[in-house]
Amino acid sequence: MYRVLRNSRIPLFLHRKSNHVFTVWQHLVLLTIKQYEGKSYRMFVEWLIEAHYLRLFLRLSRVPHFTTLQKFTDRINNALLEKIISSFIVISGTKRIFVGIDSTGFKVPHASQYYTEQIGSRRKYVKLSIGADVLRQIICTIKIRRALTKHDNIDFRPIITTTSSILPLSVVTGYKGYDSEDNHLLVREGLHAFSVIPARYGDVPIWRTHGRYRKQMKRGYSTLLYNQRNKDETIISVMKRLFGEHLMSRLIRTQNRELSFRCITYNMHRLTNLIILMMFSTKPSSNFPK
């Protein structure tokens with residue numbers, strides 16, 4: 001995590017006149033571990049009292065109060081968190097990104113499911129759209145929205161454009177919800193990559209389909225490339241199984257921060273696994289005597 005923060009050029013302090021008791025790096029690492037442990041602010045601080053070696057490693061002068069972590073989460077900039085998320089794919093060593101785009105919803109449990117069913121109220125969700133490198137299964141870009149009624153296609157351009165600013169793109173794949181001739185034009189002619197987005201309305205003949213690239217999709221596309229999009233579902237599944245699908249925060253601003261930290265925690269988990277796999281794959285085999 002320190003390597004990611006160093007690569008992102010995150011400052012140790014957000015302001016020169018801050019009290020300089022805890023650094024930004026210490027706060028970010030603690031909040032990442034909090035998401036990994038799945039604890040509330042109060043419970044995490046109580047857990048941190050027992051985590052002696054972690055406090056030694058982070059060089060904490062004292063255990064922070066739970067409100068200290070809450071206030072830092074409230075004032076941290078979204079752009080800074082997005083910058084950290086995008087740094088993971090750079091550290092992984094890839095040269096071009098094979099992008100898969102997908103979205104999911106996270107629950108905001110202010111009331112129990114039984115209560116909402118009794119009063120006939122609809123449960124609230126937070127929509128998360130991700131652009132991920134499907135070959136390494138690392139999240140590159142995220143977009144958070146409150147209204148689930150909006151079409152997924154509205155997030156395609158900002159996610160793909162932001163991802164292309166990190167590293168060049170090779171292939172962009174998405175399901176039929178992102179079908180649009182403008183999206184194909186953006187990827188193929190604007191970003192000089194290859195797009196695999198199946199066309200909707202399969203019963204409509206090709207000669208009545210609008211757009212040159214959408215007609216190409218109806219004539220046929222590489223299922224080998226398109227099936228890589230399923231790894232987006234794997235990323236979302238791992239996130240929800242490891243860290244849960246409920247958000248503990250109540251304010252909209254802190255809910256967005258919590259979801260960003262959850263993506264950072266997933267990337268940290270995935271990058272650690274990739275490093276371990278690389279270490280075992282490059283380890284020379286010992287020759288045992290017969």
Side-chain angles (χ1 to χ4, degrees), residues 82-83 85-105 127-145 147-239 263 266-267 270 274:
E82 293 174 0
K83 185 178 180 182
I85 293 174
S86 63
S87 297
F88 284 91
I89 190 62
V90 178
I91 287 181
S92 67
T94 185
K95 301 300 181 182
R96 300 180 73 90
I97 304 177
F98 191 133
V99 184
I101 182 171
D102 205 349
S103 62
T104 185
K127 180 180 178 181
L128 172 68
S129 298
I130 63 170
D133 180 73
V134 294
L135 299 182
R136 286 173 171 78
Q137 299 182 31
I138 293 178
I139 299 175
C140 304
T141 312
I142 65 172
K143 187 73 175 179
I144 302 173
R145 290 190 181 275
L148 292 180
T149 55
K150 291 188 177 181
H151 200 276
D152 291 345
N153 196 26
I154 195 174
D155 293 327
F156 185 88
R157 178 174 288 271
I159 286 179
I160 296 303
T161 305
T162 306
T163 306
S164 65
S165 64
I166 304 172
L167 288 172
L169 308 183
S170 59
V171 181
V172 177
T173 179
Y175 77 107
K176 292 182 179 181
Y178 299 101
D179 172 39
S180 172
E181 185 67 15
D182 292 336
N183 294 341
H184 286 287
L185 290 173
L186 170 66
V187 174
R188 300 199 180 198
E189 299 182 7
L191 303 177
H192 307 289
F194 186 72
S195 60
V196 183
I197 306 173
R200 291 176 290 175
Y201 313 117
D203 54 338
V204 177
I206 296 177
W207 64 273
R208 292 187 60 185
T209 303
H210 173 72
R212 179 177 57 154
Y213 297 115
R214 294 185 71 241
K215 291 180 179 178
Q216 287 183 9
M217 292 294 104
K218 281 203 170 182
R219 293 189 182 100
Y221 54 87
S222 173
T223 56
L224 180 64
L225 295 179
Y226 177 71
N227 289 339
Q228 295 296 319
R229 189 200 68 84
N230 297 332
K231 294 179 181 178
D232 275 333
E233 303 287 347
T234 302
I235 293 173
I236 294 171
S237 176
V238 171
M239 278 185 62
C263 294
Y266 166 79
N267 276 354
R270 178 60 184 170
L274 289 177

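Nothing fancy with the numbering, it's 1 onward along the sequence.
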| Shortest non-hydrogen contact from I154 toward P158 | O-CD, 3.7 Å

| request: Tell me, please, which residues at least two apart from S129 pass side-chain contact (heavy atoms from CB on, under 4.5 Å). | output: S103, K127, K143, D155, I159

| Distance from I166 atom CD1 to F88 atom CZ, nearest 0.5 Å? | 12.0 Å

| message | Within this structure, what is the CG-CG distance for the pair D182 and N153, rounded to the nearest 0.5 Å? | response | 8.5 Å

| said: Holding to side-chain contact (heavy atoms from CB on, under 4.5 Å), I want the full list of residues that pass it with V238, two or more places apart in sequence or in another chain. | reply: T234, R241, L242, Y266

Please tabulate, one pair per line, all N/O donor-acceptor pairs under 3.5 Å involving side-chain atoms of residues 130-140, not counting sequence neighbours.
unit_1: D133; atom_1: OD1; unit_2: F98; atom_2: N; d: 3.0
unit_1: D133; atom_1: OD2; unit_2: R136; atom_2: N; d: 2.9
unit_1: R136; atom_1: NH1; unit_2: T94; atom_2: OG1; d: 3.3

| request: From the options K215, R214, K218, select the one residue that forms a side-chain hydrogen bond (donor to acceptor under 3.5 Å, both in side chains) with T209. | output: K218

| field | Qualifying salt bridge (charged side-chain N to carboxylate O under 4.0 Å, His left out) pairs, either residue in residues 85-102, two or more places apart | value | D102-R229

| query | Can you tell if the side chain of I160 reaches within under 4.5 Å of the side chain of L169, non-hydrogen atoms only? | reply | yes

| task | Give, for atom CD of Q228 and atom CG of L225, the distance between the pair rounded to the nearest 0.5 Å. | result | 7.5 Å

| message | For D232 and Y175, which I'm curious about, is there any donor-acceptor pair between the side chains at under 3.5 Å? | response | no

| Can any side-chain N or O of N183 pair as donor or acceptor with the backbone N or O of Y178 at less than 3.5 Å? | yes

| Can you name the nearest heavy-atom pair linking L128 to I142, along with the distance? | CD1-CB, 3.9 Å

| Would a distance-only check, ignoring hydrogens and angles, find a side-chain to backbone donor-acceptor pair under 3.5 Å from N230 to N227? | yes

| Looking at residues at least two apart in the chain, or sitting in another chain, which of them share a side chain to side chain donor-acceptor pair (under 3.5 Å) with S195? | H184, R188

| query | What distance separates M217 CE from E181 CD, expressed to the nearest 0.5 Å? | reply | 10.0 Å

| query | In Å and rounded to the nearest 0.5 Å, what is the CZ to CG distance from R208 to D203? | reply | 9.5 Å

| task | If a pair satisfies ring-ring contact (aromatic ring centres under 6.0 Å, His included) and one of its residues is in residues 201-224, list it, with sequence neighbours excluded. | result | Y221-Y226

| Atom CD1 in I97, atom OG1 in T141: separation rounded to 0.5 Å? | 7.0 Å

| said: Please check this pair: side chain of T161 against backbone of R157, looking for a donor-acceptor N/O pair closer than 3.5 Å. | reply: yes

